[in-house]
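Taking it in order: structure first as structure tokens, then the write-up.
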Amino acid sequence: MKLEKIPQIKHANSGNFFLLAGPCAIEGEEMALRIAETILKITDKLEIPLIFKGSFKKANRSRIDSFTGIGDEKALKILRKVSETFEVPTVTDIHERSDAAMAAEYVDVLQIPAFLVRQTDLVVAAAETGKVVNLKKGQFMSPESMKHAVTKVTDCNNEQVMVTDRGTMFGYQDMIVDFRGIPTMRQFAPTVLDVTHSLQQPNQSSGVTGGRPDMIETIARAGIATGADGIFIETHFDPANAKSDGANMLDIQYLERLLTNLTAIRKTINTF
């Protein structure tokens with residue numbers, strides 16, 4: 001994947017890591033624009049290439065009464081407005097083959113959720129749109145096995161593909177990050193570390209996923225130190241009241257300090 005080919009990407013030649021960041025789900029226009037504006041001010045200051053993230057639909061929920069979205073087209077139009085307002089590329093996840101062509105009309109990067117990355121028809125549908133494809137490594141998959149997921153995209157004559165590690169299941173209710181996987185997957189495609197999802201604590205008896213946001217900086221620092229090309233962070237002004245994944249999201253008030261520290265580590269890494 002060539003970062004500079006992503007539409008409207010800024011600071012592609014800064015030598016910094018790139019960032020996929022935004023709320024877990026699009027809850028409304030005002031919140032999306034406010035979060036995007038805040039992130040963009042920070043990333044412009046630090047010369048971090050930014051792709052704004054927001055799910056237009058949350059299809060993989062534990063409970064039937066969990067929030068799944070505000071309406072597909074409504075949320076996708078908000079993502080387009082974010083892109084047009086701030087001249088920033090956007091990414092959203094898709095869950096069905098029919099989502100690929102629909103979402104491709106609105107966003108620049110199509111993300112395959114970790115639970116679905118082995119679904120060949122879904123991966124191929126995303127690749128055939130010609131958009132950048134972000135493949136999330138399944139919590140149940142080895143880093144080495146992601147080579148085959150990448151090949152599904154490149155065999156569709158689409159070289160714009162990245163891989164994202166979001167942790168590996170550890171028992172029933174916890175996740176761990178095997179940092180050996182980052183250099184392994186970088187042999188196949190640019191590799192991103194999804195910091196916030198790596199700190200989830202899934203399968204709680206309440207049906208609501210828990211998390212360890214207090215460990216965000218620890219995991220993010222290790223990701224940069226082990227050579228991650230990009231970092232994925234979900235962030236919100238009020239994580240406690242977010243409609244999805246609030247337990248592991250970063251309070252946006254801490255984002256600038258975190259990214260400043262990660263940028264300093266990246267500059268050091270670049271000297272080796």
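Hydrogens, waters and symmetry mates are skipped; everything else that's a heavy atom, side chains included, is used. On a predicted model such as this, the values are computed, not experimentally measured, just so you know.
Considering only heavy atoms from C-beta on, L199 comes within 4.5 Å of I219 through its side chain. The shortest distance between side-chain heavy atoms of H11 and T43 does not fall below 4.5 Å. In this structure, M102 and L76 have side chains that are in contact, with non-hydrogen atoms separated by less than 4.5 Å. Between H197 and K136 the shortest side-chain heavy-atom distance falls below 4.5 Å. Side-chain contact between F115 and Q139 is present, with heavy atoms from C-beta onward closer than 4.5 Å. The side-chain heavy atoms of M31 and P23, taken from C-beta on, include a pair separated by under 4.5 Å. At a threshold of 4.5 Å between non-hydrogen side-chain atoms, the residues M146 and V163 count as touching. In this structure, V192 and M162 have side chains that are in contact, with non-hydrogen atoms separated by less than 4.5 Å.
A distance of 12.0 Å separates CG of D155 from NE2 of H148, quoted to the nearest 0.5 Å. To the nearest 0.5 Å, atoms CG (L79) and NZ (K74) are separated by 13.0 Å. Atom OG of S55 is separated from atom CG of D93 by 3.5 Å, given to the nearest 0.5 angstrom. The distance from atom OG1 of T92 to atom CG of D72, rounded to the nearest 0.5 Å, is 9.5 Å. Rounded to the nearest 0.5 angstrom, H236 NE2 and Q253 CD are separated by 13.5 Å. Rounding to the nearest 0.5 Å places CD of E96 at 12.0 Å from CG of D121.
Tested against I233, the residues I39, L193, L258 include a single side-chain contact (heavy atoms from CB on, under 4.5 Å) partner, L258. Each of E29, E87, E37 was scored for a salt bridge (charged side-chain N to carboxylate O under 4.0 Å, His left out) with K81, with one residue passing: E29. In summary, of the residues considered (L262, T260, L19), a side-chain contact (heavy atoms from CB on, under 4.5 Å) with L46 occurs for T260 alone.
When the shell of 6.0 Å around CZ of F237 is examined, it contains more than 12 heavy atoms from other residues, nucleotides or ligands. A 6.0 Å sphere centred on CG of N157 holds no more than 12 heavy atoms belonging to other residues, nucleotides or ligands. More than 12 heavy atoms of other residues, nucleotides or ligands shown are found within 6.0 angstrom of CD on E144.
In this structure, K77 is not positioned above the aromatic face of F56 in the sense of NZ or CZ being under 6.0 Å from the six-membered ring centre and within 45° of the axis. For the pair R166 and F232, the cation does not sit on the ring face, since its NZ or CZ is not both under 6.0 Å from the ring centre and inside 45° of the axis.
Using a distance-only test at 3.5 Å, with no hydrogens or angles considered, no donor-acceptor pair links the side chain of R266 to the main chain of I224. S14 contributes a side-chain N or O that, together with a main-chain N or O of E47, makes up a donor-acceptor pair within less than 3.5 Å. With E4 contributing its side chain and N13 its backbone, the two residues share no donor-acceptor pair below 3.5 Å. Looking at T129, its side chain never comes within 3.5 Å of a backbone N or O of A125 through a donor-acceptor pair. D174 places no side-chain N or O within donor-acceptor distance of the main-chain N or O of M169, the cut-off being under 3.5 Å.
Remark: the K152 side chain and the T154 side chain contain no N/O donor-acceptor pair separated by less than 3.5 Å. For the residue pair T164/D194, the side-chain donor-acceptor check at 3.5 Å is not satisfied. In summary, the side chains of T168 and D178 do not present any donor paired with an acceptor at a separation below 3.5 Å, with no hydrogens or angles considered. Under 3.5 Å, the side chains of S83 and Q8 contain a donor-acceptor pair of N or O atoms. Residues R257 and N261 bring no donor and acceptor atom of their side chains to less than 3.5 Å of each other. In summary, the side chains of Q160 and N158 do not present any donor paired with an acceptor at a separation below 3.5 Å, with no hydrogens or angles considered.
With respect to K45 and E256, a salt bridge is recorded, a charged nitrogen being found less than 4.0 Å from a carboxylate O. D44 has no carboxylate O lying under 4.0 Å from a charged side-chain N of K10, or vice versa, which leaves the two without a salt bridge. A salt bridge between D99 and K57 is present, with a side-chain N of the basic residue lying under 4.0 Å from a carboxylate O of the acidic one.
In this structure, I9 and L3 approach most closely via the heavy-atom pair CG2-O, 3.3 Å. Residues F52 and V82 approach most closely at CD2-CG1, 3.7 Å, considering heavy atoms. When all heavy atoms of I112 and A126 are compared, the pair lying nearest together is CD1-CB, 3.9 Å. Annotation for K53 and C24: closest pair NZ-O, 2.6 Å, computed over non-hydrogen atoms. Shortest non-hydrogen contact noted between A100 and L110 is O-CD1, 3.9 Å. Scanning all heavy atoms of the two residues, the minimum distance from L250 to T235 falls at O-OG1, 2.8 Å.
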Could you walk me through whether M1 and V132 satisfy the side chain to side chain contact (heavy atoms under 4.5 Å, CB included) test, starting with their C-alpha distance in whole Å, then the side-chain angles of each, then the deciding distance to 0.1 Å, before giving a yes or no?
CA-CA 8 Å; M1 184 191 78; V132 181; 3.7 Å; yes
Step by step, would you call T191 with D229 a side chain to side chain donor-acceptor pair (under 3.5 Å)?
CA-CA 5 Å; T191 299; D229 299 288; 4.6 Å; no
Apply side chain to side chain contact (heavy atoms under 4.5 Å, CB included) to Q111 and I94, showing your working.
CA-CA 6 Å; Q111 181 168 284; I94 61 173; over 6 Å; no
Go through the steps for L50 and F18 under the test side chain to side chain contact (heavy atoms under 4.5 Å, CB included), then give the verdict.
CA-CA 6 Å; L50 171 66; F18 62 94; over 6 Å; no
What do the steps show when you test R118 against M141 for side chain to side chain contact (heavy atoms under 4.5 Å, CB included), and what is the final call?
CA-CA 9 Å; R118 284 175 56 97; M141 293 174 65; 3.8 Å; yes
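The hydrophobic cluster containing I216 also contains I265, counting ILVMFWY residues as joined when their side-chain heavy atoms lie under 4.5 angstrom apart, directly or transitively. Cluster annotation: V195 is connected to F179 through the hydrophobic network of ILVMFWY side chains, with a link wherever side-chain heavy atoms come within less than 4.5 Å. Hydrophobic clustering (side-chain heavy atoms under 4.5 Å, transitive across Ile, Leu, Val, Met, Phe, Trp, Tyr) keeps I6 apart from V88. In the hydrophobic clustering of ILVMFWY residues, with side-chain heavy atoms under 4.5 Å counting as a link, Y254 and I252 come out together. Both I231 and L135 sit in one connected hydrophobic cluster of ILVMFWY residues. Membership requires side-chain heavy atoms under 4.5 Å apart, directly or through other members.
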